[in-house]
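Each remark here refers to the structure printed beneath this line.
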Amino acid sequence: MNYWLFKSEPDEYSIDTLANEKNGFGRWDGIRNYQARNLIRDKIAEDDMVFFYHSSCKVPGVAGIAKVVKPAYPDPAQFNPDSKYYDPKSSQDNVRWFCVDLAFVEKFKSVVSLQTLKSIPSLDHMVLLKQGRLSVQPVTKEEWQTIVAAAKQ
DNA sequence: GCCAACGTTGGC
DNA sequence: GCCAACGTTGGC
């Protein structure tokens, strides 16, 4: 079982949005970056655990936990001309983009802010702090446990 | 709103 | 295959 961090702008889709999904899961679509695509297509499996990160907002940071309930499948938005995620270069027999389904697990009492993450020395090498822009990224077990512990304080 | 740090595109 | 121009992300 592996750990990941997924970023979302809470104005678009927040941990509360996921928690309130009627069917109990939400589709994580709209990934249009090859590095992120390769991770979800090739590495992310059912039951993997995900930190839900809020970006581009007042207090950026980890807002809670989700879980992968369906591994990678073709993102329908790439075929939909009305979607902002439409990709004319994609086709059914040449699928470019993939999505996964996530289920809500837990919302932290308060966001573990980016500022807090930066202040924890053992997180120095986190991808989040090294490569700020990647929207889907791996988290080590140690990093996972450190951040969960910080959330419980 | 600014801007650094990327990623992508397309001419050559 | 190089690289300039452009686009995007995301913290501040």
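Naming convention: chains lettered A, B, ... in sequence-line order (proteins, then strands); numbering from 1 in each chain. Reckoned from all heavy atoms, side chains included, excluding hydrogens, waters and symmetry mates.
With A/Ser91 as the partner, the side chain to side chain donor-acceptor pair (under 3.5 Å) test is satisfied by one option alone out of A/Asn94, A/Asp93, A/Asp87: A/Asp93.
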Going 5' to 3' through nucleotides 6-12 of chain C and flagging B where a protein heavy-atom sits under 4.0 Å of the base, S where only the sugar-phosphate is that close, and - otherwise, we get -BBBBSS

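A heavy-atom distance below 4.0 Å to DNA chain C is reached by none of the residues of residues 79-96 of chain A.
Side-chain atoms of A/Ser113 and A/Thr116 include a donor-acceptor pair closer than 3.5 Å. For the 3.5 Å distance criterion, the side chains of A/Gln35 and A/Gln131 qualify, holding a donor opposite an acceptor. Side chain to side chain, A/Asn80 and A/Tyr85 fail the donor-acceptor criterion of an N or O pair below 3.5 Å.
Counting heavy atoms from C-beta outward, A/Phe104 and A/Asn20 have side chains that stay 4.5 Å or more apart. Side-chain atoms of A/Val59 and A/Leu114, non-hydrogen and from C-beta on, never get closer than 4.5 Å to each other.
Apart from A/Tyr34 itself, the hydrophobic cluster it occupies contains A/Trp97, where clustering links Ile, Leu, Val, Met, Phe, Trp and Tyr at side-chain heavy-atom distances under 4.5 Å.
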